[in-house]
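Working notes for the structure below.
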Amino acid sequence: MEIQELKDFSKRMHKKLESYYKFDDPRKLNMPITIKIMEELGELCDDGLAHSGLQRKEKLEKKDMDNLQEEFADVILTTCNLAENMGVDIEEALQKKIKKVDERFKE
């Protein structure tokens, strides 16, 4: 997958969210998207614990261990939706951050 596909998806989802919520100020959409990120992050953490075998036995017995990939994707996609709503170019942000981290760990 190319970053452009992710950006295009975010633009499509952003339009759907705008039409669903119909806020008079686009900044109001930041709150439900941020809350959704937290929900998805919680699900990722839950599946991460299960994947590591650190979940309670009764939860492990009910857990779909193949769900971990989907939870990672949910966190990434929802974060990209928030970036789109806030006018952040996610590709540019990632490039800058990778460069910054690379420079930090140069020998």
Side-chain angles (χ1 to χ4, degrees):
M1 169 182 255
E2 299 289 324
I3 292 281
Q4 189 58 49
E5 291 175 82
L6 183 58
K7 290 168 68 173
D8 292 344
F9 175 81
S10 292
K11 286 180 191 326
R12 288 192 314 272
M13 288 308 302
H14 182 255
K15 286 180 183 177
K16 288 181 182 183
L17 289 171
E18 281 183 321
S19 67
Y20 177 80
Y21 285 102
K22 297 180 175 121
F23 289 133
D24 57 343
D25 181 348
R27 293 175 296 181
K28 290 181 181 177
L29 193 52
N30 293 339
M31 176 70 83
I33 298 172
T34 300
I35 292 169
K36 186 66 175 171
I37 290 170
M38 296 306 296
E39 175 192 343
E40 299 298 355
L41 188 56
E43 292 172 2
L44 175 60
C45 291
D46 190 51
D47 279 9
L49 285 171
H51 181 75
S52 300
L54 299 173
Q55 205 50 283
R56 291 188 322 268
K57 184 180 176 184
E58 55 274 5
K59 281 188 102 172
L60 279 174
E61 290 170 354
K62 298 176 188 175
K63 195 51 110 172
D64 177 3
M65 298 305 275
D66 294 328
N67 199 47
L68 187 62
Q69 279 186 313
E70 190 171 325
E71 297 306 337
F72 271 105
D74 284 343
V75 171
I76 292 167
L77 291 173
T78 308
T79 301
C80 288
N81 289 341
L82 182 60
E84 177 66 29
N85 194 62
M86 297 179 89
V88 172
D89 182 322
I90 199 70
E91 183 173 13
E92 183 180 323
L94 287 168
Q95 288 170 340
K96 284 181 180 179
K97 188 62 177 184
I98 289 169
K99 183 178 178 185
K100 186 176 180 180
V101 171
D102 279 345
E103 288 174 4
R104 184 181 309 145
F105 290 102
K106 275 187 181 173
E107 294 187 23

Give a yes or no on whether a salt bridge exists between [X] and [Y], defined as a side-chain N under 4.0 angstrom from a carboxylate O.
X      : Y      : result
Glu103 : Lys106 : no
Asp24  : Lys28  : yes
Asp74  : Lys36  : no

- Item | Ile35: partners by side-chain contact (heavy atoms from CB on, under 4.5 Å), with sequence neighbours left out |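 Counting only residues at least two positions away or on another chain, Ile35 forms a side-chain contact (heavy atoms from CB on, under 4.5 Å) with Met31.
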Is it the case that more than 12 heavy atoms not belonging to [X] sit under 6.0 Å from its [atom1] atom?
X     : atom1 : value
Glu2  : CD    : no
Gln69 : CD    : no
Arg27 : CZ    : no

- Message: Checking Leu29 against Leu82 for the side chain to side chain contact (heavy atoms under 4.5 Å, CB included) test, could you report, in this order, the C-alpha distance in whole Å, the side-chain angles of both residues, the deciding distance, and whether it holds?
- Response: CA-CA 8 Å; Leu29 193 52; Leu82 182 60; over 6 Å; no
- Taking it one step at a time, do Asp47 and Glu43 satisfy side chain to side chain contact (heavy atoms under 4.5 Å, CB included)? CA-CA 6 Å; Asp47 279 9; Glu43 292 172 2; 6.0 Å; no
- Could you check if a side-chain atom of Leu41 sits within less than 4.5 angstrom of a side-chain atom of Leu44, using non-hydrogen atoms only?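 A side-chain contact under 4.5 Å exists here.
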- Applying salt bridge (Lys or Arg N to Asp or Glu O under 4.0 Å), name anything that partners Lys11, two or more places apart in sequence or on another chain.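 Result, salt bridge (Lys or Arg N to Asp or Glu O under 4.0 Å) vs Lys11: Glu84.
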- For the student: nearest non-hydrogen atoms of Ala93 and Val88, plus distance: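 Between these two residues, the closest heavy atoms are CB-CG1, 4.2 Å.
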- Item | Non-hydrogen atoms of Leu68 and Gly48 that approach each other most closely |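 Taking Leu68 first and Gly48 second, the nearest heavy atoms are CD1-N, 3.9 Å.
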- Query: When rounded to the nearest 0.5 angstrom, what distance separates SG in Cys80 from CD1 in Ile3?
  - Reply: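 Going from the SG atom of Cys80 to the CD1 atom of Ile3 covers 7.5 Å.
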- Task: Sequence neighbours left out, what passes ring-ring contact (aromatic ring centres under 6.0 Å, His included) with Phe72? Give chain and number order.
- Result: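 Partners of Phe72 under the ring-ring contact (aromatic ring centres under 6.0 Å, His included) test: none.
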Looking at [Y], is its backbone amide N or carbonyl O close enough to the side chain of [X] to form a donor-acceptor pair, meaning the two atoms are under 3.5 Å apart?
X     : Y     : result
Asn81 : Met13 : no
Gln55 : Asp46 : yes
Thr78 : Val75 : no

